[in-house]
Each structure stands twice: as C-alpha cells, then as structure tokens.
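Treat the numbers as computed from the prediction; the structure is a model and nothing was measured. Atoms considered below: every heavy atom in the structure, side chains included; atoms not considered: hydrogens, waters and symmetry mates. Residue numbers run from 1 in the order of the sequence given.
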Amino acid sequence: MEKTESTAAVLLEIGTEEIPSRFLPGVLSDLNNLAGGVFDEYRIAFTDVSTFATPRRLSLIVKGVAARQSDVTKEVFGPSKKAAFDENGLPTRAAEGFARSVGVKASGLVIRSKGKGEYVAAVIEEKGLDTGLLLPELLKKIILSLRFPKSMRWGDGTLYFARPIHWILSVFGTETVRFDVDGIKSGNITRGHRFLSPASFQVKDAVSYMNILANNYVILDQDKRRDLIQKGIDSLAAAAGGLPIIDNELLDRVTFLVEFPVPVLCGFSTEYLKLPKELLITVMRDHQKYFAVHDDEGNLVNSFVVVSNTRADNAETVRTGAERVIRARFDDAKFYFHEDRKRPLSGRVEELKQVTFHDRLGSLFEKTGRVTAIAAFLSAKIGPSLKDSLERASLLSKTDLLTGVVREFPELQGIMGKYYALHDREDEEVAAALEEQYLPGSFGGKMPETELGAFLSLSDKADNIASFFAIGLVPSGSEDPFALRRQALGIVSILLEKGYPLSLREMFADALTHLGHRGSEKDPLESIIGFMEQRIEFVFSSKGNAQDVIKSVLYLSSILPLKNVSERIDALKSFKEDPQFPDFLLAVKRIHNIVPKGKVLPPVREELFVQDEEKDLFAALLAAKAEVSSLMAGERFSDALKRLSEITAQVNSFFDKVLVMDKEEKTKENRLSLLKELWDTAYSLADFSKLLQL
C-alpha cells in the first residue's frame, strides 16, 4: 500500500447477517475500547475513536491516525557487570555474545543498576514502521477479538461471530487495507439497505462513508437513528391526541432493529381498551416492539406507533400488517383474560400443589405456606392490625401464576393477580399487595406503596433467599440464576424506606425455621447475613457515603433496624466535620490498639486505681456512658457522639500519665478493663477503628 499523508482516518466496517439488537449496545462499547487498546499496543497515535452499529454492520472510524508507529527506545539487560568485563575493563566473551544477540557492538553496552546489583544493558532504538504495513494485522486482530453473548460458525469456516460475515470494508485515508479473515477478503466496498438499496458501493474514504450510506437508506449513527425515532413517535402520538409511552429499553432495541427508521401511526378497535392497560402495553411493547399511546390522564388510547425499516411511501402497507398482527394478539389476550375470570383466585390455591417451585423446595403451595408464615411473623412484630389481610394476600400471592394470561405473558405476574382479585371482590389492599409483592423489580425501581404490599414483598423475598441458601444454591461470581442479589437489594430498599423496627437477623432466623427438614446440616444464617451486608454496603455507597463510614457501622446492620443504621451514618458524617473529631478519633483508636482482642476481662474495680488520671477517666466514663445510653435510646445519635467525645481530654491525660502495662498484674488488668469498658461504649455507637482521619 502506498504511503498515506501524515494523519488520516481508518475505517473498518464488518457487514453481516442481522445481529440481534440486544447484542449491539455492549459490542459497540467493547469495539471502542478494543480499538483504542490495539492502536496503543501497536504504538500508532490517533485522536478519536467512534463506533457505530446497525442490524447488519459494525463500523469503526479512528481519526487522526499517524502515518508511522512511534519510535521506541528500550533497554535490554544482559550479564552482570562483573561477568561482562575482566579486571582490565575489557569485554568478556559473555558481554560480546550478549551484544551480538541484540545487534549492537560490545563497546556500546552501558552499565545499569538492577535490584541490588549492576548489569550491562543494550540501548536499542526501534524505528516505527509505516502504519499501512501494520493495519492488516491490526484490523484483523480487532475483528477476531470481538466477543458476543452468543456466537456461531457457518459454512466450512472456523471463525465464530455473532452472525455470518458477508463483507469487510477497510480503508486508511484513501487507500484500501487488504487482509483476509477466514476466507473473507477485505476491500473498499459497502452495501446499502438490504431491501431499499441492496447494491454494492465503493467507498473512497471515511469522510464520504456516512453520506454514501445515507444516500442508500442507511442511517449509520445509532444516536441519530434514536433521535429520529423519538421525534417521529412524539409527533405521531400528538397527532393521535396523546403521548407515547416511551420505554428506553424498547427504544434502544428498536434503534438497533432498523437501518432506515420510519415511524408509522396505527390503530386498533376501542373494544380492546376494556382489557387491563398493562396487558395491552405488554403485548405491544414486549411482544411486537410497538409504542403504546396514552392521554394526559394516563389512559390508553386506541393508537400505537410501529417503527418500520422502509420508506414512508410504504406506510400504508406497514400499517395494515401491524394492525392485523396486533388484532390477533389482542384477541388471544382477550380470550385468556375472560377465561381466567371464570374462576376465582381462591379456587386455584389447591392447584398450587401440582406446580413445583423447586425440586428441593417443594411445590408452589409449600412456598405459599412459608411466605404466609413469615408474613405472620412480620405482622405480629410490626403490624398486628394487618394480620388477617396479610394472611389472605399471602394465600393468594402465587395463584395468578396458574392463569392463562400469566402463562402467556409471565412478565404480568402480580399485575394480573391484582385485576383478578378485584374482579373476585377481594379487599382492594389485598389486590394491591398481589402486584406489589414483586416490587421493587430492580434497584432504584418502584417501591410498594401499601404496608400490605411491603410486608408481602419482604416475606416472599426473605423466603427465596433463605430457601436457596439453605440448599446451597447461593450466588457466586457473576452467576445468580435465582436473582437473589436483586431480591436482597429489594429487602434493603424496603426496610430503609419504610423504617420498620425489624432486624435482618430476626427476619431471616424466622424464615429459616419454616423450611423443615430441607437444607444442609450447617445453619446458613451467618452466610445470609454476610450476603445481605454486601448489598447494604452497596446501597449506602450508592447514596454517596464514604466507605470508611459505611464499614464503621456495617456490623450493626444485621442486628439493628436499617433506619437506625442509616441515621448513624448521617450522624457520623456530621461528626467528622466537628473540630473535636480528629482528637477524639485518635484517642479512641489508641484505646482500640491496646485493648486485648477476644480476651474476657474482669469488671473495673475502683479500689485498684492508683493515680488520679485513671480515677478521673473512670468517673468521666460513667457519667458519659449513662448519658450516651439515654441519648441512644432516644435515637439521638449525633448528640450521643458529641457527648462521648467530651471525655477525650481525660483519655489523653490517662495515656500521658498512666502506664497501662504496669508490672503489677492486677493494676495492669484493671486499667485494661477500664479501657475495654470505654471501647465497648464507643463500639455501641460505631466501630471507630474503621474510620479514617480527615
């Protein structure tokens, strides 16, 4: 390939069969990082990396690419100085042999320190090669390094890729980069839209590349496609007198399903609006990738928007097809919905015995029994007035899983339970709880609004975690097949938001008692607590709290209500800003460092005090301890911290004047007991040994 100007752009396009839309966001990010890393590895300077994707192409544009590799100077170490030169300072055979092996003269060797000795070294200047000579290998490496959630091999080739590759476009400046990947030869040819412009087109350079594609019905830039889709949907929904229900995940999926997006407004019969709106939205969004439309009050209207991959003049054909499909899907949903309502949810409870929850954990009926028992514990503990309603909600909690709609649309579990319960004239709060048992669906997601829903959600999630830990099916690494991490985050979020006076240890201890003979011989409670503490640390960290503050109270998170733990974190954050904090922290850490760990010490004996400083410290401790205890009982954590810090002067005076490790054993032990009692008082507030000095 001929030499290129000082800097130019590298263009790589991998043309394929349609790649699943869910693969593309991740591979775009990987391609960007991979390209930058490979160019750096080859010492080729560049200014910018851009990546683009459509269903049938992955594109990489690297701008400001240098015409040559950067030069590099490196030192290669050889034998020791002693072995390399004789007593007269002349090179030995070892030095000459080393010099020959690296292509330099022995007289050019230098002495360098390495470790504790001195060695000879060769300074080698490696001139950079032309970028054009390296690009075939470099671009091929990028292609072969791409990874996908699932890959395939086709024909007689050995290459694995998301979908079969049909062409490779590779250009540097205005020159074609030639190489071969598993028999597929690169060139300067691209292709337009599969149906609207299927011919091949020559690409001169990266500058003209996007325009060529745009002229052939391919909008390469995914951000531009997304914007076009968003604006088109908004406009059409407004024309129908409503607003689009925009789901960002759906918008991303549709963006990567089309190369030439043209939104089309479609409609359906108003008779379907009698069905639950969540059912209609699910059919449109999850099963057909259509965008539903609602009015200003949140009610669905009988319009939807489909994003076609064809010209606007084909809109009528697109509309006719989409409306025919959605009518058939709505008819199916309508049939299941009406059939389901012929039987009350209460009439399905016995059928839960025929459905396996897990082969080692019994049926859904047994699962329901455990949830009901945990719910009874929670209601007795923090909501006695909800006992009967919570028992009813627990009993019905899994019955909608047996309905036709939920079998067809599993994502509507709980939601359909609410509608069927209302149809059965169940209490409205019971009906709401059936939906809210699965909330929050993700960290930061919608929370249960009713107390009944929050209790049922806690009971269900606690049983899931306890059950799977009991039989040893715990999350490991990236593996979490039962979504226990998500459910643990849900428990933490609910307890923090609701402020229930409930500890994780007592909740999970109760949950484990309802598993009967199931599980291992080892009690999994401590493993569950450790697992939950990791989630708690994540939640508090996501709120912007410092790690040292979180770790200083994390030991309390299983035995205290999380609301109290959160309040302690807030109190510690404020206390760290107090001018007294540094001196107090230094003093309390001195205590922690000297107090023996794991050793039981006898109570403090005042009659064994010898010096005034230890008497003063003990008196100050007793006064502070009583007040701290009272303040803690009133959940006045900031005041408790402030009060305890007031004995800093006595602590410092004690350490300055008193020899703790006295030669008299009883005196030494009594002084250690005094410090241990002080540390225990501080530890009831937080583990100050985990806090960092400002």
Residue pair [X] / [Y], side-chain heavy-atom distance below 4.5 Å:
{"X": "F468", "Y": "H358", "answer": "yes"}
{"X": "F654", "Y": "R671", "answer": "yes"}
{"X": "Q222", "Y": "L24", "answer": "no"}
{"X": "M532", "Y": "R505", "answer": "no"}
{"X": "Y683", "Y": "Y555", "answer": "yes"}
{"X": "Q650", "Y": "F618", "answer": "no"}
{"X": "L515", "Y": "S467", "answer": "yes"}
{"X": "I142", "Y": "L31", "answer": "yes"}

Which pair of non-hydrogen atoms, one from [X] and one from [Y], has the smallest distance, and what is that distance?
{"X": "S673", "Y": "P602", "value": "OG-O, 2.8 Å"}
{"X": "L556", "Y": "V565", "value": "O-CG2, 4.0 Å"}
{"X": "P561", "Y": "Y500", "value": "CB-O, 3.5 Å"}
{"X": "S379", "Y": "F455", "value": "CA-CE2, 4.3 Å"}

Just by distance, do the side chain of T681 and the backbone of E677 share a donor-acceptor pair under 3.5 Å?
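Yes: the side chain of T681 pairs with the backbone of E677.
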In R370, H514, Q487, the residue satisfying side-chain hydrogen bond (donor to acceptor under 3.5 Å, both in side chains) with D463 is R370
Are K657 and S653 linked by a side-chain donor-acceptor pair shorter than 3.5 Å?
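Looking only at side-chain atoms, S653 and K657 do not form any donor-acceptor pair under 3.5 Å.
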Distance alone, cut at 3.5 Å: any donor-acceptor contact between the side chains of S389 and E429?
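No donor-acceptor contact under 3.5 Å links the two side chains.
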Starting from the C-alpha separation in whole Å, work towards a yes-or-no answer on side-chain contact (heavy atoms from CB on, under 4.5 Å) for M507 and I491.
CA-CA 11 Å; M507 181 173 71; I491 289 175; 3.7 Å; yes
Should [X] and [Y] count as an ion pair when the cut-off is N to O under 4.0 Å?
{"X": "D680", "Y": "K676", "value": "yes"}
{"X": "D252", "Y": "R226", "value": "yes"}
{"X": "E436", "Y": "K446", "value": "no"}
{"X": "E646", "Y": "K642", "value": "no"}

Can you confirm if the aromatic rings of [Y] and [X] lie within a centre distance of less than 6.0 Å?
{"X": "F584", "Y": "F688", "result": "yes"}
{"X": "F538", "Y": "F443", "result": "yes"}
{"X": "F256", "Y": "F23", "result": "no"}

Qualifying residue, where the test is side chain to side chain contact (heavy atoms under 4.5 Å, CB included) with N545 and the options are I550, L572, V553
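Exactly one candidate clears the test, I550.
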Can you tell me how far the CG atom of D460 sits from the OG atom of S394, to the nearest 0.5 Å?
9.0 Å
Decide yes or no on side-chain contact (heavy atoms from CB on, under 4.5 Å) for L504 and I536, but give the supporting numbers first.
CA-CA 11 Å; L504 290 170; I536 293 166; 3.4 Å; yes
